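Some notes on the structure that comes next.
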Amino acid sequence: MYDKICNGCRTRLSQFYKTGYLGCPECYVAFEKEITMALKNIQGKTVHVGKEPSISAEDKALLNRYRTLLSKKEIAGLEGRFGDMADLSIEANDVLDELRRRGLM
């Protein structure tokens, strides 16, 4: 049997059959005819949608808030505003606790 190879990542079709994993988005095109039904059974989809999990807008806002607080805390430290730095640290820790509770960190 001829073992097709993806031009993008050099993954072999036989590897997909063994592991159920493809190497890159180009694999979906290279092996389309051979894997369509298998993908539908495994993933419920037949297209590559990336690795980033979908999260709610509220969760994204919370993640952005955490990153912003960390940046502000760093700037406060560099500017010698240690009281602000302490306040920002407490707020960032509260946000981090919520992120952990939601399973985002």
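Residues take their numbers from the sequence shown, with the count starting at 1. It should be emphasised that the depicted structure is a prediction, and the values quoted were computed from it without experimental measurement.
Proximity of a side-chain donor or acceptor of Asn93 to a complementary backbone N or O of Ser89 within less than 3.5 Å is detected. For Glu79 (side chain) and Ala76 (main-chain N/O), no donor-acceptor pair under 3.5 Å exists by modelled atom type.
Atom-to-atom distance recorded for Lys18:NZ and Leu13:CG is 11.0 Å, nearest 0.5 angstrom. Taken from CZ in Arg67 to NZ in Lys72, the straight-line distance is 15.0 Å, to the nearest 0.5 Å. The CZ atom of Arg10 sits 10.5 Å away from atom SG of Cys27, with the distance rounded to the nearest 0.5 Å. With rounding to the nearest 0.5 Å, the separation of CG in Leu22 from SG in Cys6 is 8.5 Å. The CG atom of Leu104 lies 9.0 Å from the CD atom of Glu98; values are rounded to the nearest 0.5 Å.
Both Leu96 and Ile55 belong to a single network of hydrophobic side chains, linked directly or stepwise wherever heavy atoms of I, L, V, M, F, W or Y lie under 4.5 Å apart. Both Leu69 and Met105 are part of a single hydrophobic cluster, where members link through side-chain heavy atoms under 4.5 Å apart.
A salt bridge does not link Glu91 to Lys73: none of the charged side-chain nitrogens sits closer than 4.0 Å to a carboxylate oxygen.
Side-chain contact check for Thr11 versus Glu26: every heavy-atom pair is 4.5 Å or farther apart. Using a 4.5 Å cut-off on side-chain heavy atoms (C-beta onward), Glu58 and Arg102 make contact. The closest side-chain heavy-atom distance from Tyr21 to Gln15 is not below 4.5 Å. Contact annotation: the side chain of Leu63 approaches that of Leu99 to within less than 4.5 Å [non-hydrogen atoms, C-beta and beyond]. The closest side-chain heavy-atom distance from Ser71 to Thr68 is not below 4.5 Å. At least one side-chain heavy atom of Glu34 sits less than 4.5 Å from a side-chain heavy atom of Tyr17.
No more than 12 heavy atoms of other residues, nucleotides or ligands sit less than 6.0 Å from atom CZ of Arg12.
Nearest heavy atoms, Tyr66 versus Val95: CB-CG1, 3.7 Å.
Through direct or indirect side-chain contacts shorter than 4.5 Å among Ile, Leu, Val, Met, Phe, Trp and Tyr, Phe82 is connected to Met85.
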